[in-house]
Amino acid sequence: MYKVTKELNKREIEVIKIFDNETNKIIPLNSEISPLKEIERFCQPINNNMFYFIIGSGNGTILEYLLNKKYKSKFYILEVFDEINYSDEYIETLKEQNINLFYNSKLNYLELSGAIRNSMGMDCEVLIHPNYDRVNAGLLSPIVEKIKMGIVTATINKNTENYFKFEWITEPILNLSITKEARSILEIRDNFIDKDVILVSSGPSMSDHIDFMKKNIDSAYIIASGSAVNGLINNNIMPDFVTIMDGSLINYTAHFEKTQYTGPIITTGTTNHSILKNHKGEIFVTNFAQDSITATERKDLLNVPNVPSVALYSLLLSHFLGAKNVYMVGQDLALANGQYYASGVSEHANMKKLGETIEVESNNGSVTHTTFGLASTLESFNNVVSIITKTNSKLQIYNLAKDGAKIKDVPYINSEDIELGNKIEKSWINRSEDKVNLNYTYSADFLSKIEACKKDVDYAVRKINQMNLSAVSLKDLKKVLLLIKSLRENEVLETHILNMLYSTTKSINNMFEYGFEDNFETNQERVEMIKKFKIYIEYIQKYLLGLLESPVWIQLDKERL
């Protein structure tokens, strides 16, 4: 489609040229007369306290320019052509100055989403290096699409953070008596090594593989991801394990309140406490990166990275437990005739408003329709599978959803072509009813720590409100900074509360690092800084007030009686 050449012209200037086979045009990607002046003009609109996506690096003059200027901004250079390469040492040098270089061929929009989240509070602008806009649109559009999806994903992540900002604290606290005593999943790891696993999700194609699962129920561990449990039971299949991580009450009422499942659950501390409290079977627990509370109490547990879906959690468990083959059933990540779930799966109200759909590549070679949320999860699958394949060459992952979305490096396989090996010994799995012993003393103690944290924050707010916010001296500023420092020494605030307020906290950190020019020498800068700190601390105060007023604590008081 194209050919990249590098040459020194008569002026001893390195020029990168692209020969486009479709148009028969040769396009120089940097000035053949004065690359530096070209970049000086291009970078003239660049400001501090911003973050920029810049498509293209040309012959590298822009990188040297940004290094020398030392802007107080963040840069993400997205290079279209792998042939324009730089040494690993140089890329690290760039990174030290907040200049991050990515190649389109290795770039996924989760990385761009992470860049956006890391730059909260800073305005964003997308720039195209001179002459890259003359390149075939088919080469640039994938990068533009990744930026768009990165923005969508970052928005989804921020909305998810806001949606669960209480549950990701309340549920681990209410689950403490269970998670402190539950068995670690690592205790049973030896049973999974080199075994086949069927991971069942609740997508539309789950119903198409009931016979496959019944045929192989003795030859593989069947693990149901969350809502898939009742879809299996309604088809007379009892899974060996069910994985859960969702903290929402609707997860309990829609999928677990009336379930007939009494087998083992593999869970995180973030799971809705009503599910674990009412479960009549054995519970195995892992840590989850989002959950700092369980991690503090149980340092012996398997640590699982943050993932947006219980199906991804299940896939990571199969990887960590040493499985040989994973066959994903119902992992469509797409809609079938507008349906989100397979028949037999309980559908809650939120799934009836799916919003706008987009097209993605399908396992059948065509395209399929999916939601923005599922598309984001698809990219998370691509990222997780990439990590797994790089670190675990023994694990083979297959997807049985013929009309589902194509997951990168996960081949589709027809279930009729699968021949599993010998039977697996499953007698060790405890399927008997097991009464959960609840002790809410741990939860009450932790709640007391949050109440004490709230008092410290209230004190800080009062002290700032007593200041004259129209005239702030350096001495006043120092007092406020010491006040903030004292607050950050509160372990509950620093370790647990701010973890739930990532976006806002990151905005303040970026403001402090990038947003001021003259070390607060002017009254205006000092006033602006104090006002932003005031807004931030009041935001924490409001969050703590909402947390302490959560109705779940009323239930806690009832259960302690």
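Since the model is a prediction, treat every value here as computed from it, not as a measurement.
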Can you run down the ring-ring contact (aromatic ring centres under 6.0 Å, His included) pairs that involve residues 291-312, sequence neighbours left out, and say none if there aren't any?
none

ring-ring contact (aromatic ring centres under 6.0 Å, His included) partners of residues 122-160, not counting sequence neighbours, each pair once:
H129-Y132

Is K534 salt-bridged to E538, going by a charged N under 4.0 Å from an acidic O?
yes

With side-chain hydrogen bond (donor to acceptor under 3.5 Å, both in side chains) as the rule and sequence neighbours excluded, what pairs involving residues 473-486 come up?
S473-D476, K485-E489

side-chain hydrogen bond (donor to acceptor under 3.5 Å, both in side chains) partners of residues 53-65, not counting sequence neighbours, each pair once
S57-E79, S57-Y86, N59-T61, E64-Y90

Partner set under side-chain hydrogen bond (donor to acceptor under 3.5 Å, both in side chains) for K17, not counting sequence neighbours
E7

Under the side-chain hydrogen bond (donor to acceptor under 3.5 Å, both in side chains) rule, collect the residues that match up with S503, sequence neighbours excluded.
E161

[X] side, atom [atom1]; [Y] side, atom [atom2] - distance, nearest 0.5 Å:
X    : Y    : atom1 : atom2 : answer
S205 : K402 : OG    : NZ    : 12.0 Å
K72  : M122 : NZ    : CE    : 10.0 Å
K165 : L501 : NZ    : CG    : 7.5 Å

Distance alone, cut at 3.5 Å: any donor-acceptor contact between the side chains of S309 and T377?
no

Between the side chains of N383 and S380, is a donor N or O closer than 3.5 angstrom to an acceptor N or O?
no

Kindly write out the residues that satisfy ring-ring contact (aromatic ring centres under 6.0 Å, His included) with Y52, not counting sequence neighbours, or none if the list is empty.
F75

Minimum heavy-atom separation for N30 to I13, with atom names?
ND2-CG2, 4.4 Å

State which residues pass salt bridge (Lys or Arg N to Asp or Glu O under 4.0 Å) with [X]; sequence neighbours excluded, sorted by chain then number.
X    : result
E111 : none
E92  : K95
E40  : none

With sequence neighbours excluded, give me every salt bridge (charged side-chain N to carboxylate O under 4.0 Å, His left out) pair touching residues 121-146.
E145-K148

Listed once per pair and sorted, the salt bridge (charged side-chain N to carboxylate O under 4.0 Å, His left out) pairs that draw on residues 490-508, sequence neighbours left out
R488-E494

Could you label the plane-to-plane angle of the F164 and W168 rings as parallel, tilted or perpendicular, counting under 30° as parallel and over 60° as perpendicular?
parallel

CA sep, side-chain torsions, deciding dist, call: R462, D458, salt bridge (Lys or Arg N to Asp or Glu O under 4.0 Å):
CA-CA 6 Å; R462 284 197 305 272; D458 290 344; 5.4 Å; no

